[in-house]
Amino acid sequence: MQFAQVLVDVPTMQTDKPFTYQVPAQLAGDLKLGMRVIVPFGRGKRKIQGFIVGFSDHVDFKGPVKPISAIIDPNPVVNDEMLKLSAWLAQTTFSFRISCVLTMLPSVMRAKAKKVLQRTDGELPAALQALFGDHEQIEFDQAALSDEQTKLILKAVQAGQLSVDYVVKNHAKPKLITKVQAHLGQPQLQKILDQVAKNAVAQQKLLRWLIDHPKDAIAQPTLIKTLGINASTIKTAAQKGWVTQSTVEALRNPYQKPIQKNYPLQLNADQQNAVDHIADSIHNDNAKVYLLEGVTGSGKTEVYLQAMQKALAAGKTALMLVPEIALTPQMVNRVKGRFGNLVAMLHSGLSMGEKYDEWRRIDQGDAKVVVGARSAVFAPLQNIGIIIMDEEHDSSYKQEDTPRYSTREVAKWRGQYNHCPVVLGSATPSLESRARASKHVYELLMLPHRINNQALPAVHIVDMRNEMANNVTSDFSQSLVDAIKLRLARKEQTVLMLNRRGYSAFLLCRDCGFVLKCPNCDISLTVHLKGHQMQCHYCGYEQPIPNVCPNCQGHHLRTFGTGTEKVEQELNQILPDARVIRMDVDTTKRKGAHEKLLARFGSGQADILLGTQMIAKGLDFPNVTLVGVLNADTSLELPDFRANEKTFQLLTQVSGRAGRADKAGSVYIQTFNPDSQAIQLAKTQDYEQFYRSEMRLRHLANYPPYFFTIRVTASATYENQAAGTIYQIANFLNGALTNRNIILGPTPSAITRVNNKYYYQLIIKYKHEPNLQSALETVLNKYQSATRHGIYISIDPEPVSFM
DNA sequence: AGCACGCCGACT
DNA sequence: GTCGGCGTGCTC
């Protein structure tokens, strides 16, 4: 194997193929497939990161072949499965293979090459001399240097006084700790202890500990802390030969709190049936996809846990995916309580280092169960026995930037590769999945009953048009207020949902009709009382709330569209004694804030939990007997064909938060569209009927699941560039594709300008389109050079929204 | 991406 | 004449 095929870390169309490199003799024995290496690339001395994707004995490339410079990690970081998966992913998501490889790995492996300036010989100009000081080499960070300095440096390089070198920076460093262990036997230590000076207290403490723990290897910092001694005592002890110090890899474990063990629960007949079916596939290496449709509170989680247990019992591993927001401590404790140290967690709350450590635990085979959000679908588990995807309809499973993969599709691919079942679970499956179950592509498993046959909560629809007619300007109907008061009196808890954060959606001048907009985006600014700022939810722009109209200097500015901040204020007025916790992006930004707020609510330190849709999932608080939805219309009014589906799912999910233990629950849904299908059916929580009625609408309008969809977006600095490009693409596609598909648009995207870039899009609806893949690849190739002019094309297969 | 080459206008 | 602006092409 003289040559290696290397995927270079340069995400462009022209470099999206393996490059051939020589295997130098000194690396020949160590190089393995999937290893991360450093290679020279380009004319200069530029060095970059690459991944070995193949070996060969001959070269096809005509031209000089360079040798691989070095190996980055001692072991391969990408296995055979991941190499194949990355190729498939690159093709189906129209993205670069290297981008796919990098998304599968922890972010610390996104190495960046650093330029370093090295002194060679001769006197440097005074200005540069000052820059170097005593150092022989410094980092060449052009951004931190002035133009003058850069010029001087380039001159010095040409004159041979300096040289530019490249260092590929690797952040993926395992954390190392020093362990201490007794080196002598107990009798010898005892003898030393007897002879040691009476005032050498620290040494005595250490010796006593060593005598008590003859075998233990303890982390040095822990030993220092427990004994109250310092590092020099241990150093001296090592020099005297009492102890040995060794450096080992420390894996940061983010959940070190002791977790209460829990045991499998008794299953009801439906649950048992589901577990039996899944177990059957596990034992027969059958890559079947199951749709587990269970009403809220039907015990899906217990089915998951017991199915995973079956996989472990068969000597295999288990992967469980959950929406990011549902990774609550409750969920974590439940899984950890069942499988203990075998569990690795992957979620956004971990630091980069912690994620890397968890990844390594999985890679080394120390963790057999992985629980995590979207990106955990790439966890380097081997010999997977089951993949579970909870709340499979959740939109957070779709990655919204490149590679725009669907977690569900990746999970199914891995199911095929590992010959294991994939379980998609939901109370409100996506219509796509439910339709596939009807066509027997998936096997449908139903959990129609709640645990202990508990009744579903009673749902009341409150017609807000009547409330308005009664001249009520509050965001609360009288019936909802009465219901909350009743819970307060009974010392029960309430969950209130309003799907809009901030104080109010926009600020309007009643004199001239002016609405304050973001200077960078085509969107109105949201009023936030906290910090007294107007905020853009798209680009993060902020400015103080104006006192007078910026347009006419009038004083009649009014806020419209209630957000959670305002509701919190209203609650304090209507129910001054109620203790309210508000949970939205603004109150949960800090690390751990989410958990803290939920823990406070769970322990009864508040009466009302008010939040955006982040409170709709997975919460299980037995004392919650009332759920109020303040405005069910926000998601219904979206200009998206999935508006009904999203509304029904959200209402059903949030309703499921009420009455989960022995107390009956009730739900109040306030709406201006009480007759809408989505809201009427959420009342009875009848998913099957919703499915049937919504399928009819989708069929009539040629929408998914009857059609596949793909979105092509052109973005550019100038509006005419974006528009011009998308029209050219539309023309090309009309010629290149068969006439059996439908192209919607081109149109400006719902928010045409975001962060000073213009977005235009078109949507292709198709059933079977043989030319699609090649036509879209042609589009990408054609417009690849346009990136130089700030024009970008993006292709999104099965977008979650058409906006 | 990032770098070099190369072709044009404006300076010591 | 040469310095440096940016448009273009290539990287094993």
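The analysis underlying the following values was restricted to heavy atoms, covering all of them including side chains, and did not include hydrogens, waters or symmetry mates. Order of the sequence lines fixes the chain letters, A, B, ..., with proteins taken first and strands second; residue numbering starts at 1 for each chain.
Rounding to whole angstrom units, CG of residue A/Asp16 and C1' of B/dA1 are separated by 13 Å. Here the P atom of nucleotide C/dT8 and the CZ atom of A/Arg788 are 8 Å apart, to the nearest Å. Across the protein-nucleic acid pair, A/His58 atom NE2 and C/dC12 atom P stand 19 Å apart, rounded to whole Å. Put simply, CZ on A/Phe41 is 12 Å from P on B/dC3, counting in whole angstrom units. As rounded to whole Å, 17 Å separates atom P of C/dG7 from atom CD of A/Gln784.
If you check every strand for non-hydrogen atoms under 4.0 Å, A/Pro18 touches nothing. At the heavy-atom level, A/Gln14 lies under 4.0 Å from base atoms of the strands shown. No engagement by A/Lys62 is indicated, since no non-hydrogen atom pair under 4.0 Å with the nucleic acid exists. Note on A/Tyr21: only backbone sugar-phosphate atoms sit closer than 4.0 angstrom, heavy atoms only; bases stay farther off. Residue contacts for A/Val65: at a heavy-atom cut-off of 4.0 Å it reaches the sugar-phosphate backbone alone, with no base atom in range.
In this structure, A/Phe19 does not count as stacked on the base of C/dC12 under the 5.5 Å centre distance and 30° plane angle limits.
Electrostatic pairing of A/Glu409 and A/Lys412 counts as a salt bridge here, judged by a charged N lying under 4.0 Å from a carboxylate O. Salt-bridge check for A/Arg711 with A/Asp796: passed, with a basic side-chain N closer than 4.0 Å to an acidic carboxylate O. A salt bridge links A/Arg642 with A/Glu432: the distance from a Lys NZ or Arg NE/NH1/NH2 to an Asp or Glu carboxylate oxygen falls below 4.0 Å. Classification of A/Arg361 and A/Asp357 as a salt-bridged pair fails, no side-chain N sitting under 4.0 Å from a carboxylate O.
Here the side chain of A/Lys17 is nearest to one of C/dC12, C/dT11, C/dC10, namely C/dC12. Taking every side-chain heavy atom of A/Arg43 into account, C/dC10 is the closest of C/dC10, B/dA1, C/dC12.
Nearer to the 5' terminus of DNA chain C, by closest-nucleotide assignment, is the contact made by A/His789 (compared with the other of A/Gly42 and A/His789).
For A/Gln535 and A/Thr526, the side-chain atoms include no donor-acceptor pair closer than 3.5 Å.
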